[in-house]
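To keep things clear, I will list the structure first and then write my remarks on it.
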Amino acid sequence: TTASVGKALLRPVKFVVVNLQKFVTQGQIPPAQGLLSYTALKDRVLTLDYGQHHVTVSDWASVKAPAKNVGTLTYPTFGQDGPAIVATTGFQVNGSPITVQVDTLYGGTLLIYPTSVEKLGLTDQAHSSTTRRFPFTDGGVDMVEGKALKESFGGIDLLSEAPLYFATPQVHLPDGRFDGTVGVGLFVGRRVTFDFRGNRFWIG
């Protein structure tokens, strides 16, 4: 009943007790004493400032969204029977709009799932011979590394000639429910904001 982030008191939070140390030791999650789900932040605005290394939780009424370049948050399940996740519109790869999961444990830039490769014109990139390992995704998996001409949000380029990733057989797939996953590789030095009441997302 007294869970808080800084001075922001959260509504009563249901929790489970798990020994996370074994997952830390196995390299499946970074060193942590707990994991906080987005469901604990209902009616709040969460800002992750990757430049200043700050996390801010605000009352929704105290934060004003920009007039444009705002994505729409949705909460699809990851696959037919998976858990609900946070997804947003607003991102583009090579100018094509995509709907993506936002995964703050994923260390890459943009992962495109197999069901969207052809429609986005990324078949050649998906057959790259280069791979990179991501320790905190699916317990540690390799992904194919290609390159995008540009990765953007709201028409503003975030990265040019940027790494672009594709699933190997070890990567869990969302059954075509969205196009890809964005991670912290796109957020370095930026402020990322989730409005969980207004279902809005933007990058500053």
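Atoms considered below: every heavy atom in the structure, side chains included; atoms not considered: hydrogens, waters and symmetry mates.
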[atom1]-[atom2] distance between [X] and [Y], expressed to the nearest 0.5 angstrom:
X    : Y    : atom1 : atom2 : answer
L158 : Q92  : CG    : CD    : 8.5 Å
F201 : T72  : CZ    : OG1   : 11.5 Å
F178 : T74  : CZ    : OG1   : 8.5 Å
Y113 : I98  : OH    : CD1   : 11.0 Å
Q125 : E145 : CD    : CD    : 12.5 Å

Side chains of [X] and [Y]: closer than 4.5 Å at any heavy-atom pair?
X    : Y    : answer
F23  : V18  : yes
T115 : L173 : no
T181 : V100 : no
T137 : M143 : yes
L186 : F91  : yes
L122 : F166 : yes
E161 : L149 : yes
D142 : R133 : yes

- Message: With no hydrogens and no angle check, just 3.5 Å: does a side-chain donor-acceptor pair link T56 and S58?
- Response: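 Looking only at side-chain atoms, S58 and T56 do not form any donor-acceptor pair under 3.5 Å.
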- Message: Is it the case that the side chains of T89 and T99 hold a donor-acceptor pair, with the cut-off being a distance below 3.5 Å and no angle test?
- Response: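 No, because no side-chain N or O of T99 sits under 3.5 Å from a partner of the opposite role on T89.
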Are [X] and [Y] in one and the same hydrophobic cluster, where Ile, Leu, Val, Met, Phe, Trp and Tyr link if side-chain heavy atoms are under 4.5 Å apart?
X    : Y    : result
F196 : V57  : yes
Y50  : V182 : yes
V102 : W202 : no

- After noting the C-alpha distance and the side-chain angles of Q80 and R177, does the key distance pass the side-chain contact (heavy atoms from CB on, under 4.5 Å) rule? CA-CA 9 Å; Q80 298 296 327; R177 295 185 151 233; 3.3 Å; yes
To check you understand the geometry: which heavy-atom pair defines the closest contact between [X] and [Y], and what is its length?
X    : Y    : value
A84  : Y38  : CB-OH, 3.5 Å
S152 : D157 : OG-OD1, 2.8 Å
L48  : F194 : CD1-CE1, 4.0 Å
P30  : L105 : CD-CD2, 3.5 Å
T109 : E151 : CB-OE1, 3.4 Å

- Item | Main-chain N/O of H172 paired with D138 side-chain donor or acceptor, under 3.5 Å |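 Present.
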